[in-house]
**Student:** 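I have a structure I would like to understand better, so I am pasting it below and will then ask my questions one at a time.
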Amino acid sequence: MTGDKDAYWSQPAAEVARALDSSPQGLTAREAARRLREHGENALRETRAASRLRVLGRQLRSPLMLLLLFAAGASAVGREWIDAGIVGAIVLVTVWIGYRREYRAETALAALLARVRIHAEVLRDGVLTDVPVREVVPGDVVHLSAGSVVPADAVVLEATDFFVSDAILTGESFPVEKRPGPVAASAGLGQRSCCVFAGTHVRSGTARCLVARTATETVFAEVAAHLQLRPPETEFERGLRRFGYLLVVAMLVMVILVFAVNVLLGRAPLETLLFSVALAVGLSPELLPAILSVNLARGAETLAGCGVLVRRLEAIEDLGSMDVLCTDKTGTLTEGVASVDGAWDAAGAAAPAVMELATLNAALQTGLENPLDHALLAAHQPDLAATQKLDEIPYDFVRKRLSVVVRRAGAEADASTALLISKGAFPLLAPVCTRLRVGAADLEFDDAARADLDARYAAWCAQGIRVIAVATRALPARPSYGHADEQELTLVGFVTFLDHAKATAQQAVADLARLGVRVKMITGDSHLVARHVAGAVGLRLGRVLTGRDLDELSDDALPRAAEDTDLFAEVDPNQKERIIRALRKGGHVVGFFGDGVNDAPAMHAADTSLSADQAVDVAKQAADFVLMQPGLDVIRQGIEAGRRTFANTLKYILTTTSANLGNMVSMAVASAFLPFLPLLASQILLNNLLSDLPAIGLAGDAVDPELVAKPRRWNMRFIGRFMVEFGVLSSLFDLMTFAALLLLLGAGPVEFRTGWFVESLWTELAVAFVVRSRRPLGQSRPGAVLTWTSAVVALACVAIPFIPGAHWLGFAPLSPLVLATLLAITLLYVTAAELTKRSFFRHNA
């Protein structure tokens, strides 16, 4: 990435602008539209609507579908045309079911994602305009400030204390300063200080940049192509992968053993191969991808109805598994709408002059937008006509202050002097102040005065009042100013703000606690303000950790301390991330709600992350979920939806695999002792297809409250024990059915297969109603789709042997006596399964 043939970073910005046929004033709207048509959207890959062919292709790429196609091909080669036709028909029906479900799910998700847009500020027709990042084109001039996601590779035209996090590309953990001016053509990515790159984000300061590369021509696109970047594996995906490994091993063992045993018994190799393949397919839940897609899409639609938009579908399961939620206070625990309480001088008297200085600072700063500045300007509009802005020293999360340098008109007018106005956190602004303004007099800011102000500041904070300090300094006029000028200031007073705790927050915290989710507040605000808010919403106040405390804790000690603490205050972005990692190290599934640029590292570190639609771009881009209205109650609804999604997914897996395991093992064992195969390959596949039809109804099945009451995670030992216990039970009743058909009813091969086909299907349908709930059968109402499809399939399997041509499938009509016997066995099985369920969950709660 050092050999770009143009090496635009080594050329003066004016030359780059000429080459792009642009200027520091940007493009016209008409020219931008033309370039968008010429260059295409600014995205790593072309935006495509949900494609029917792509969804269909995913069905055919499934290993199980390939296995079925192999079976159909093998039947055709052996001139077993009926078997080949049946297997082919089953493939078509299975693919059609999966295709319809997945296509509708993908379309619904695309519609939801379209509601979350990342925008960029660009100069169009000389005016700063918000446009979607996808519409940024080469030659655009973009305005960037703290919290902005860099939309494209660009050259810096002008910058003020402009620091960008390049970690996603360079691995450098600290933000790097970007400034105008070319660098050597051979400069590596980390040395191109005059460039910003797509996908990185601004940590502090402001800049205007000329876009040089977009879409697939950016450095980010090159890195993605080489490294094939993908999101980290989620907790749910890990569990699904382990479950897949378990099934693959079981399938391989079954195919090899059954094929070997039956060939040794002298059966035809092709018939044995098809039987073995059918057993393997019968063991697997081949509609699991479609069930997952439907479950997740329904979850996304449910969340959207609650005001939560899903940006990453798989994260729904992780939201349900979450047992710790870390959040800032503003907007989630408080109303998020700050209002000015008053402006005060150092003596505590009302001071309109302090308000004028604070609002001048708020009106003239162009860096980080924040609610306190909005509140200031809503309370008072300063006299900008008499003020000329000279420079700005932007906010950052280390200094926690922001300064503007102005020249005032009127009696103070002097072309050779300027006034620096700084506002920020009192504990960090006070150390750079040497004077104190009381009335019209400037006094020495000594230890006694500092103690008095510390006490007043603490009293305000203890009441939940937010405080910013305002200070000034007269300076000589010059072209630029920097951090070094924020010294020897005069503290002129304070502005106080009110942001009340949400009326619903205390109840929401209690509701989350009942769901097994512990809320922890992580904020950069004063520990006194944070303690007041935490007490108002019902968080535990036994221990409070500040940023200074965290610095004194080792990485080994922090997980235990974080476990015991619900309130972290006065922390910086890196400390937030460290807290999240410590909680995860302690075995928790951690969610983080953030809406500021300082929250991005913690959001990336969390298992699942949430943000608000009003958040800065970098926070929304890092989030798995975007809340249209921030609040803990909305998050609670999202957690419940995630748990219902997980519960219904697990129902399908437990129902299908436990029933299938028993049936397939029974047939595998019986095939070694019977003089004929217990079912033909086509009958096994048809049985499997019919049993999966009602299972689709599990996606919308009702979920018992106790399955939503606490976090649940993948537990392969639990799933394995469930499969074995219910598989053994199923096999015992299979053997009972075999004995009844052969010894009591004297069934021949065709009648045996027909009877076994009906009984195995009935028992699999019935067991779904038993194991779908931990409650006693009849105390949990199943969904309508599951109920009606099960009834239809149960009747259909009895009717199939009576339809014309059923003999081609190897079926024959069953007598009333045989059907009555099979029904009795099924009812006994349901009773035994209910007793087994109660015992299993009593010992595996």
Side-chain angles (χ1 to χ4, degrees), residues 120-121 128 141-151 154 156-166 174-181 193-196 200-209 357-377 382 384 387-407 418-426 428-429 431-432 468-473 475 478-487 489 495 524 572-574 595-601 615-619:
E121 273 193 308
L128 275 178
V141 173
V142 297
H143 174 80
L144 301 173
S145 59
S148 299
V149 174
V150 179
V156 178
L157 299 177
E158 56 184 67
T160 304
D161 290 331
F162 186 55
F163 286 80
V164 176
S165 174
D166 284 342
F174 294 99
V176 294
E177 185 173 11
K178 303 288 187 175
R179 62 182 77 86
S193 58
C194 62
C195 295
V196 290
T200 61
H201 68 269
V202 182
R203 292 294 292 270
S204 63
T206 59
R208 287 198 178 187
C209 304
L357 290 169
T359 52
L360 274 174
N361 177 292
L364 294 174
Q365 73 97 359
T366 58
L368 181 65
E369 286 195 26
N370 63 87
L372 296 187
D373 281 354
H374 293 164
L376 280 168
L377 295 175
L384 297 179
T387 306
Q388 178 190 1
K389 177 181 175 182
L390 301 180
D391 202 2
E392 177 179 342
I393 307 172
Y395 182 90
D396 65 51
F397 297 98
V398 177
R399 294 163 37 252
K400 292 192 175 181
R401 58 178 175 267
L402 182 150
S403 301
V404 296
V405 184
V406 301
R407 183 182 290 125
L419 181 67
L420 181 146
I421 308 171
S422 186
K423 75 177 192 313
F426 170 69
L428 294 178
L429 189 59
V432 296
I468 62 169
V470 182
T472 63
R473 178 187 179 187
L475 292 168
R478 57 176 186 267
S480 63
Y481 300 83
H483 295 169
D485 294 305
E486 294 178 326
Q487 301 292 330
L489 306 184
V495 181
D572 63 34
N574 292 329
D595 58 6
V597 62
N598 58 327
D599 295 321
V616 298
D617 283 351
V618 67

**Student:** Just so I know, are the side chains of K423 and L372 near enough to count as touching, which here means a heavy-atom distance under 4.5 Å?
**Tutor:**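 Side-chain contact under 4.5 Å: no.
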
**Student:** How many angstroms lie between atom CD of Q365 and atom NZ of K389, to the nearest 0.5 angstrom?
**Tutor:** 7.5 Å

**Student:** Minimum heavy-atom separation for L157 and P180, please, with both atom names.
**Tutor:** O-CG, 3.5 Å

**Student:** Can a side-chain donor-acceptor contact be found between E486 and S403 if the only test is distance below 3.5 angstrom?
**Tutor:**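 A donor-acceptor contact under 3.5 Å links the two side chains.
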
**Student:** Are any of the side-chain heavy atoms of N361 and P382 separated by less than 4.5 Å?
**Tutor:** no

**Student:** Please find the pair of heavy atoms, one from V156 and one from C195, that lie closest to each other, and give the distance.
**Tutor:**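 Nearest heavy atoms, V156 then C195: CG2-N, 4.3 Å.
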
**Student:** Could you grab the distance from atom CD1 of I468 to atom CG of L429, nearest 0.5 Å is fine?
**Tutor:**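 I468 CD1 to L429 CG: 9.5 Å, rounded to 0.5 Å.
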
**Student:** Side chains of S193 and E177: closer than 4.5 Å at any heavy-atom pair?
**Tutor:** no

**Student:** Taking C-beta and beyond as the side chain, do S165 and T200 meet within less than 4.5 Å on heavy atoms?
**Tutor:**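 Sidechains of T200 and S165: no contact.
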
**Student:** Is there a side chain to side chain contact (heavy atoms under 4.5 Å, CB included) between D485 and L420 once you walk through the steps?
**Tutor:** CA-CA 8 Å; D485 294 305; L420 181 146; 4.1 Å; yes

**Student:** Do you know which two heavy atoms are closest between Y481 and A418, and how far apart they sit?
**Tutor:**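 The answer is OH-CB, 3.8 Å.
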
**Student:** Would V164 and L144 satisfy side chain to side chain contact (heavy atoms under 4.5 Å, CB included), going step by step from the backbone distance to the final call?
**Tutor:** CA-CA 10 Å; V164 176; L144 301 173; over 6 Å; no

**Student:** How many angstroms lie between atom CG of L360 and atom OG1 of T387, to the nearest 0.5 angstrom?
**Tutor:**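 One gets 4.5 Å once the value is rounded to the nearest 0.5 Å.
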
**Student:** Kindly indicate whether the side chain of R208, heavy atoms from C-beta on, has any atom under 4.5 Å from the side chain of L128.
**Tutor:**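 Answer yes - side chains close enough.
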
**Student:** Are I421 and V406 side-chain neighbours, meaning at least one heavy-atom pair lies under 4.5 Å?
**Tutor:**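 When only atoms from C-beta onward are counted, V406 and I421 do touch, with a gap below 4.5 Å.
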
**Student:** For the residue pair P394 and T206, what are the closest heavy atoms and their distance?
**Tutor:**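 It is CG-N, 4.2 Å.
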
**Student:** Heavy atoms, side chains only, cut-off 4.5 Å: are R407 and L390 in contact?
**Tutor:** yes

**Student:** Which heavy atom of V202 sits nearest a heavy atom of S145, and at what distance?
**Tutor:** CB-O, 3.3 Å

**Student:** Please give me the minimum heavy-atom distance between R179 and A159, naming the atom from each residue.
**Tutor:** CA-CB, 4.5 Å

**Student:** Quickly, which of D373, L364, L376 forms a side chain to side chain contact (heavy atoms under 4.5 Å, CB included) with T359? Name it, please.
**Tutor:**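 Among the candidates, only L376 passes.
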
**Student:** Within the structure provided, determine whether R399 and L428 are in side-chain contact (heavy-atom separation under 4.5 Å).
**Tutor:** no

